[in-house]
Amino acid sequence: MATKRKNRVKQDIGVNLVINIFLILAGVIALYPVWFVLIASISDPTYISRSEVLLIPKGISFSAYKLLKNYPEIFIGYRNSIFYMFVGSFICLSGVLPAAFALSRRNLVGRKFWNTLIVISMYFSGGMIPTYLLHRTIGWIDTVWVLIIPGFFTAYYLILARSAFQELPETLYEAARIDGSSDFRFFFQFAIPLTKAMIAVIFLFSALAWWNNYTRFLVYIDNPNLQSIQVVVKQITEKLTSSLSNAATFTEQVEAQKTKELLKYSIVVITALPFCILYPFIQKYFNTGVMIGAIKE
Amino acid sequence: MASQSLSIQNKKKPFIKRLLSQWQLYALLTPAMFAMLLFHYVPMYGVIIAFKEILPGESLFGGTWVGFENFKRLFKSDLFSTIFKNTIIISFVQHFLLWPLPIIFALLIHNSSRRSVRKFSQTATYLPHLLSTVVVVTIIELFCNRETGLINIVLQRMGFDTVFFQGDPKWFYPMYFLSGIWTGLGSSAVIYIAALSSVDTQLIEAALMDGANKLQRMWYIDIPTIMPTVVLLLIMDMGKVISVGYEKVLLMQNDLNLSATEIIGTYVYKNGLINADYSFSTAVSLFTNIIGLALVLISNRIAKRFSDISLF
């Protein structure tokens with residue numbers, strides 16, 4: 001046994017080294033842009049332009065973050081996105097979980113019919129324009145409803161939840177039945193508490209999707225008081241890029257340009273911040289979520 | 001015998017009666033199914049506007065029939081070839097040149113000898129996946145800016161000329177795909193890593209007995225193990241070949257790189273929603289949807305024939 005292990009080690013030592021070095025390199029490269037944005041947002045732009053800020057911040061100041069208060073729309077967008085994140089995810093769960101539970105019951109009348117409709121909805125869609133026109137016909141454009149009400153149904157989350165409910169032992173259901181539990185009661189008292197991990201996964205997926213969503217707000221929302229952080233960020237960075245400063249001298253212009261870049265760095269930081277901070281704590285949920293989905297397919 | 005007759009009896013119960021006995025389950029099912037029918041199936045019916053002429057103020061159910069006029073207009077226009085070419089270039093690179101990367105990465109993660117390295121690498125490469133498309137595109141712009149971007153600062157420092165990345169359609173592709181690898185590598189690998197964890201330990205033991213080294217084990221054990229997953233995901237990707245997600249492309253688009261960045265999705269958005277050319281844009285997306293569906297069915301068929309793996 002010992003000699004075998006030794007042989008193995010000898011043979012694989014080079015390969016292991018190459019693999020590990022490559023993996024560390026990949027991790028560092030993946031983190032670097034995020035790190036650079038962070039240190040650039042608190043460094044003096046003069047040092048950045050001289051490429052002296054590469055690994056650690058230099059000339060630390062938080063002036064860019066102080067300038068952000070000139071952009072109240074960022075705070076409105078931030079507030080709105082937090083609202084959408086929680087309310088939207090709650091709506092999503094309150095539609096998806098009960099339906100997934102019902103569809104996980106093998107004796108449900110019309111089970112096959114509904115399951116087929118769900119699968120078809122994943123592969124074929126009416127597309128952007130008919131959906132938009134439908135919402136316009138209902139009269140929902142530029143309201144909160146157009147954003148959160150369709151969330152009652154999301155095919156992917158529904159399939160995730162359904163497979164988790166299907167894994168509950170059938171005997172548990174039978175036992176509860178014999179003891180006189182109704183479907184409602186079983187759902188709320190047994191099914192939900194027993195699938196907490198899956199519910200957390202769907203909540204996180206949904207919350208992240210809401211925080212990062214751009215297109216839906218772009219298409220349906222005009223009112224700046226309802227706009228999400230992502231669209232606000234896009235609008236501000238675009239304005240910063242295209243606007244010409246009214247600075248007179250060349251040096252003043254360069255200074256203005258640097259401030260703009262600094263502002264962009266700090267806006268990126270505060271937009272990406274919530275999930276980057278939470279990430280170490282929620283990472284395991286993301287991995288399990290993907291795996292539940294993978295097993296089912 | 002008894003249970004058989006019972007089940008027959010059960011089946012013979014009238015449909016309405018069975019439905020009524022399950023009213024609670026149906027109450028749970030209704031909100032989601034109603035949302036599905038309203039927000040997915042009504043728009044699906046709504047694609048008939050591709051065969052109509054809809055005026056900007058009209059509803060989904062209005063308009064006058066024009067037959068295949070919109071499709072004729074599509075095939076005749078110069079635009080057709082440009083947006084289809086751009087879409088296919090992007091999705092071809094994405095699905096057929098870049099798809100091995102997450103698989104290779106998953107193989108390396110699975111075969112790493114150190115748990116800490118494995119954990120660090122997996123965690124770090126997944127992080128960019130949490131960033132929104134807006135943030136990613138803003139970061140690309142910040143790094144590639146002509147005067148103040150890090151890349152150009154470093155280029156200048158090393159004595160090269162600066163490059164105007166945003167201003168040249170040629171540079172769109174490297175920016176798009178490299179950032180795509182950056183955000184997608186770790187997250188796409190998760191599914192393969194999960195598949196690799198089901199490698200039969202007996203096989204590994206046997207291979208070790210026979211003196212197989214790590215590379216041989218990867219080639220002869222790991223890769224065959226994940227092959228079904230790989231094929232399945234490739235089939236699923238086939239349908240997406242013609243419908244590239246347009247969010248990132250739209251965000252990266254500007255007047256200077258338009259010749260490379262005008263794809264089907266961005267065109268439908270701009271022409272359909274901004275210019276209110278509803279029926280024509282619906283015809284464009286219906287046409288792509290049908291091609292996408294056909295591609296899924298064909299590749300599903302091929303996979304079934306050669307490897308017994310299929311979606312449906």
Side-chain angles (χ1 to χ4, degrees), chain A residues 8 11-12 15-16 19-20 22-24 26-27 30-31 33 36-37 49 51 95-96 98-99 101-102 105 108-109 114 121 124-134 137 150 152-153 182-184 187 208 212 214-215 219 230 233-234 237 261 264 268 271-272 275 279 283 287 290-291 294, chain B residues 18-19 22 24-25 28-29 31-33 35-36 39-40 42-44 46-47 49 59-60 108-109 111-114 117 120-121 123-125 127-128 130-135 138-139 142 148 150 153-154 157 182 190-191 194 208 213-215 247 268-269 272-273 278 281-282 285 289 293 296:
Chain A
R8 194 168 110 204
Q11 267 188 333
D12 293 339
V15 179
N16 279 337
I19 289 178
N20 286 336
F22 180 85
L23 286 179
I24 292 172
L31 288 182
F36 179 78
V37 168
S49 63
S51 76
V96 159
F101 173 74
R105 304 263 53 93
L108 179 80
V109 177
W114 294 117
S121 84
F124 203 79
S125 84
M128 183 199 295
I129 308 291
T131 314
Y132 176 85
L133 289 177
L134 170 73
T137 309
F152 272 121
F153 172 76
S182 64
D183 287 323
F184 279 163
F187 172 63
L208 180 67
N212 285 347
Y214 169 74
T215 321
V219 169
Q230 304 296 340
V233 167
K234 173 66 185 168
T237 49
E261 293 300 305
K264 284 189 202 170
V268 166
T271 313
F275 277 93
Y279 178 55
Q283 187 211 2
N287 285 350
V290 174
M291 275 186 272
Chain B
R18 278 192 295 150
L19 202 64
Q22 294 186 338
Q24 291 198 335
L25 286 181
L28 294 171
L29 189 62
M33 292 301 105
M36 174 181 77
F39 300 116
H40 288 262
V42 173
M44 260 188 236
V47 296
I49 64 169
S59 85
L60 191 56
L108 295 181
I109 289 265
N111 284 288
S112 166
S113 54
R114 280 181 186 276
V117 171
F120 163 73
S121 192
T123 311
T125 50
L127 180 75
L130 302 182
L131 305 176
S132 69
T133 318
V134 173
V135 163
T138 313
I139 292 179
L142 283 167
T148 54
L150 182 66
I153 290 174
V154 172
R157 192 84 197 222
W182 176 53
V190 171
I191 196 161
L208 283 174
N213 64 26
K214 196 155 235 175
L215 289 176
E247 188 177 70
V268 170
Y269 168 71
L273 281 185
Y278 298 135
S281 303
T282 307
S285 62
N289 257 339
L293 201 64
V296 174

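Throughout, a chain's letter reflects where its sequence line sits, starting with A, and its residues are numbered from 1.
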Nearest 0.5 Å, what's the [atom1]-[atom2] distance between [X] and [Y]?
| X | Y | atom1 | atom2 | value |
| --- | --- | --- | --- | --- |
| B/Thr123 | A/Gln283 | OG1 | CD | 4.0 Å |
| B/Leu150 | A/Glu261 | CG | CD | 11.5 Å |
| B/Phe39 | A/Leu134 | CZ | CG | 6.5 Å |
| A/Ile19 | B/Ser121 | CD1 | OG | 11.5 Å |
| A/Asn16 | B/Asn111 | CG | CG | 8.5 Å |

Do [X] and [Y] come within less than 4.5 Å of each other through their side chains, counting heavy atoms only?
| X | Y | value |
| --- | --- | --- |
| B/Ile139 | A/Phe36 | no |
| A/Val37 | B/Val135 | no |
| A/Phe187 | B/Leu25 | no |
| B/Ile49 | A/Leu133 | yes |
| B/Ser113 | A/Asn20 | yes |
| A/Thr271 | B/Val134 | no |
| A/Asn212 | B/Thr133 | no |

Backbone N or O of [Y] within a donor-acceptor pair of the [X] side chain at under 3.5 Å?
| X | Y | result |
| --- | --- | --- |
| A/Tyr132 | B/Tyr278 | no |
| B/Asn289 | A/Ser125 | yes |
| B/Gln22 | A/Val109 | yes |

Check [X] against [Y] and note the closest heavy-atom contact, atom names and distance.
| X | Y | value |
| --- | --- | --- |
| B/Pro128 | A/Ala30 | CG-O, 3.9 Å |
| B/Gln24 | A/Asp183 | OE1-N, 2.9 Å |
| A/Phe152 | B/Pro31 | CB-O, 4.3 Å |
| A/Ala99 | B/Ala32 | CB-CB, 3.5 Å |
| B/Ala124 | A/Leu31 | CB-CG, 3.6 Å |
| B/Leu28 | A/Ala102 | CB-CB, 4.4 Å |

Select, from [options], the one with the greatest count of heavy-atom pairs under 4.5 Å involving chain A.
| options | answer |
| --- | --- |
| B/Val47, B/Leu19, B/Leu273 | B/Leu273 |
| B/Ser112, B/Gly272, B/Ser281, B/Ser285 | B/Ser112 |
| B/Ile109, B/Leu127, B/Leu131 | B/Leu127 |

Examine whether an atom of [X] lies under 4.5 Å from a heavy atom of chain A, and if so say whether it belongs to the side chain, the backbone or both; otherwise answer neither.
| X | result |
| --- | --- |
| B/Arg114 | both |
| B/Phe120 | side chain |
| B/Val42 | side chain |

**Report entry** Among A/Ala272, A/Ser121, A/Gly127, residue most engaged with chain B (heavy-atom pairs, under 4.5 Å)
**Finding:** A/Ser121
Report summary line: In terms of heavy-atom pairs under 4.5 Å with chain B, the winner among A/Gly27, A/Gly95, A/Pro130 is A/Pro130
Requested in this report: Sort A/Thr237 into side chain, backbone, both or neither according to what part of it lies under 4.5 angstrom from a heavy atom of chain B.
Outcome: side chain
Query raised in the report: Between A/Leu23 and chain B, which part of the residue has a heavy atom less than 4.5 Å away: side chain, backbone, both or neither?
Result: both
Query - side-chain contact (heavy atoms from CB on, under 4.5 Å) between A/Val268 and B/Leu142, intermediate numbers included - result: CA-CA 10 Å; A/Val268 166; B/Leu142 283 167; 4.2 Å; yes
Requested in this report: Count the heavy atoms of every other residue, nucleotide or ligand shown that sit under 6.0 Å from CZ of A/Phe124, and state whether that count exceeds 12.
Outcome: yes
